[in-house]
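Reviewing the structure listed below.
Order of the sequence lines sets the chain letters (A, B, ...), proteins ahead of strands, with each chain counted from 1.
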Amino acid sequence: MATMTLLAAVRDALLTEMGLNDKIVIMGEDVGHNGGVFRATEGLQAEFGEDRVMDTPLAESGIIGMAVGMAVNGLKPVPEIQFMDFIYPAFDQIVSEVAKLRYRSGGGFSCPMVIRTPYGGGIRGGHYHSQSAEAYFAHTAGLKVVIPSNPYDAKGLLIASMRDNDPILFMEPKKIYRSMKGEVPEGPYTVELGKANVVREGKDVTLICWGAMTQVCLQAAELCVPRGADCEVVDLRTLVPLDEETILESVKKTGRVVIVHEAQRTCGFGAEVSALIAEEAILYLEAPIVRVTGLDTPFPYTLEHVYMPDAERVALAVGKVTNF
Amino acid sequence: MEMAQTASKKKKAGSPARAARAKAVTKSAGSKASASKGTAKSVLRDDCFFILNENNTVDAKREPKLDKALLLRMYRNMVLTRAYDERGMMLQRQGRIGFYVPSTGQEAIQIGTAAALTPTDWVFPSYREPGVCIYRGASLHTMLCNLWGNADDVSKGRQMPVHYSFADLRIFSISSPISTQVIQAVGAAMAAKIKKENDIAISYNGDGGTSENDFHTGLTFAGAYKAPAVFIVTNNQYAISVPLHKQTACTRLVDKAIGYGMPGIAVDGNDVLAVYMATKEAVDRARRGEGPTLIEMLTLRMGPHSSSDDPTRYRDEELFKAWGKRDPIERFKTYLTSKKLWSEKEEVALKEELKALISAAIETAEPVPPPSVEELFDDVYAEKTAQLKKQEADLVKERELRGKFINTSEAFPL
Ligand SMILES: Cc1ncc(C[n+]2csc(CCOP(=O)(O)OP(=O)(O)O)c2C)c(N)n1
Ligand SMILES: [Mg+2]
């Protein structure tokens, strides 16, 4: 075991799996010689060559469109979109092509790929370097959406994603790329897709979260201890497929739910989780479901710390559901 | 060949188009002696239109007859842009602002193009054109407030630094996503045409930006409609770390014009006279209703991509050194001095004046407080929705409960 950052764990997953599977090809803007603007692919081009780690022209639709062709012709593309905010030029390729290929060809074609992209705020990036756009993609049948919250999961989920038979959007929480460190086993291992993780057990309130918000919820849970609430924290890890069982089991135990995400509120994935709980477990609830989310505004620059949920805001929401 | 399209028929003698065409002919006739004959070996591509020779002299027949006032205005704004960039980087290094994008080495492109426009022409810049804002009269205070993202920032602290927006100067709000502005400029140009107004639109993007869909769409539409638009492609030879030869197999970006059915010209982007003349001709043609032009401005990015970038990881040092000798400000200064339009004494005075100007603007900009929490909810829609009103009320209540919001932001990595 080695202690490494979430960023290093991502790189380790790529390095490990590329060594095992020579069909894997990475491509994206600045990923080759420069090792990516975050350095997630540092040294990989030197290790595997320019055919397997490709610097691309500056065109996201090109990156994903090319990945489709590579995938149907036997490669396993792992394209990188430099920032999630720049995924929209590729939206058509992802939503119309990548996600629907298997279905529209009656299973004749498929294009398993892992689209890696850093997402989220907290790095002073303003509108276009901060977005959490998971809801658009979770709303697209045919795509899986995976979001790790710590180094161990980042490596295990990324390797599992590279072994999966479906196209996957793999969102990396860039705020904690370097600040989040943890134990990561050497060599290959997987963390199963579609399984949520109860990262903290508790009996009073269930906090549901993913990605960078998992740390925020864990901090909030600590804040709540002296305030008299024992929080359980459920890290969804994958939004699609969704682990309904783990969610419902926790909710039925605690009877109180706070859902936390940094994406804007309206039509955020929290609404989906909330609907699920209302449909499947309403009789277990002791209080209304509460969402703590980003605002229904574009992501700001100077006041990003006001926009984004933090531990105190989550703790206040916990107070609301426990004092209902 | 650069201006090989229809519009090239009516060239006046001594025009940039004619010079470039003549040069291309020379080249295809097999003569190695390009137009920079007799001067030092250059890294400038030999199809580029230029006025200043490598030793900064000018052949009499090429020399444009420009107003002294215009020449000095261009020079002043180039020096100001350089100084503004230097301070921007310094403020970032001192931790006073979060991020900066310098345009160092690209002053001639910015100022030479801006000088060819009228105040009511529409400008769609990228993030690397502070000089265009400066030339058109943007307030330094307001520009600096954008770097701090404070309450006097036009975007009210919503956009990152260097994302200016000046509606009153017809400088379109700058976006981070690459090349989105190219097709938008076509829209503004077409609106002017449809409304029978005399304004044209100009857009700016980089070499990397020529790969994005909106660049292709922009030029396709502009060609199809004969839009009164001018497209400036600043070929600074890098898109972050990616060099031009990895970006595209097209070695002369100007050649793309042919595919869109419009004239194109490649220009020495470090020669402000050439930049001005080529742009002026394209702007005039657009204004006469003769359609769009693509102008490739060849230069080299002399600074980092941004304050977060380390170009020594990927830069071609020889190229860097060679272009360093072609500094657009130095070259223009040598020209002006040789014409007795400028002196070392005036240089010293100008530098001091501009330094004081920027310092004064920093002094007023830095203390401006951040935007208020309430302002977060303005401008999402023309009228606040019920949902936004509720979210605002909730946030104000939360502030009362907790007292303050804590900033745990990380530094910007790119
Ligand atoms: C759609 C999109 N993809 C990626 C980026 C990240 N990015 C910012 S600048 C840049 C390179 C741009 O290069 P170029 O067009 O040559 O302009 P320059 O920076 O050299 O002025 C990239 C890839 C972005 N801003 N927008
Ligand atoms: Mg460039």
What part of [X] gets within 4.5 angstrom of chain A, counting heavy atoms only: side chain, backbone, both, or neither?
{"X": "B:T248", "result": "neither"}
{"X": "B:R402", "result": "side chain"}
{"X": "B:N213", "result": "side chain"}
{"X": "B:L376", "result": "both"}

Taking salt bridge (Lys or Arg N to Asp or Glu O under 4.0 Å) as the definition, give me every residue that meets it alongside A:D92, ordered by chain and number, with sequence neighbours left out. none
For the interface with chain A, which of B:K246, B:K156, B:Q391, B:Q387 has the highest count of heavy-atom pairs at distances below 4.5 Å? B:Q391
Contact leader toward chain A among B:G208, B:G149, B:P177, B:G98, where contacts are heavy-atom pairs under 4.5 Å: B:P177
Which residues, numbered in order, of residues 257-267 of chain A come under 4.5 angstrom of chain B by heavy-atom distance? A:R265
Within residues 295-304 of chain A, which residues come under 4.5 Å of chain B, heavy atom to heavy atom? A:L295, A:D296, A:T297, A:P298, A:F299, A:P300, A:Y301, A:T302, A:L303, A:E304
According to side chain to side chain donor-acceptor pair (under 3.5 Å), does anything in residues 171-182 of chain B pair up with another residue at least two apart or in another chain? List the pairs. B:H163-B:S176
Looking at A:G125, A:S130, A:G121, A:S61, which one has more heavy-atom pairs under 4.5 Å with chain B than the rest? A:G125
Test log, rule side chain to side chain contact (heavy atoms under 4.5 Å, CB included), inputs B:D153 and B:W148: CA-CA 8 Å; B:D153 168 25; B:W148 270 284; over 6 Å; no
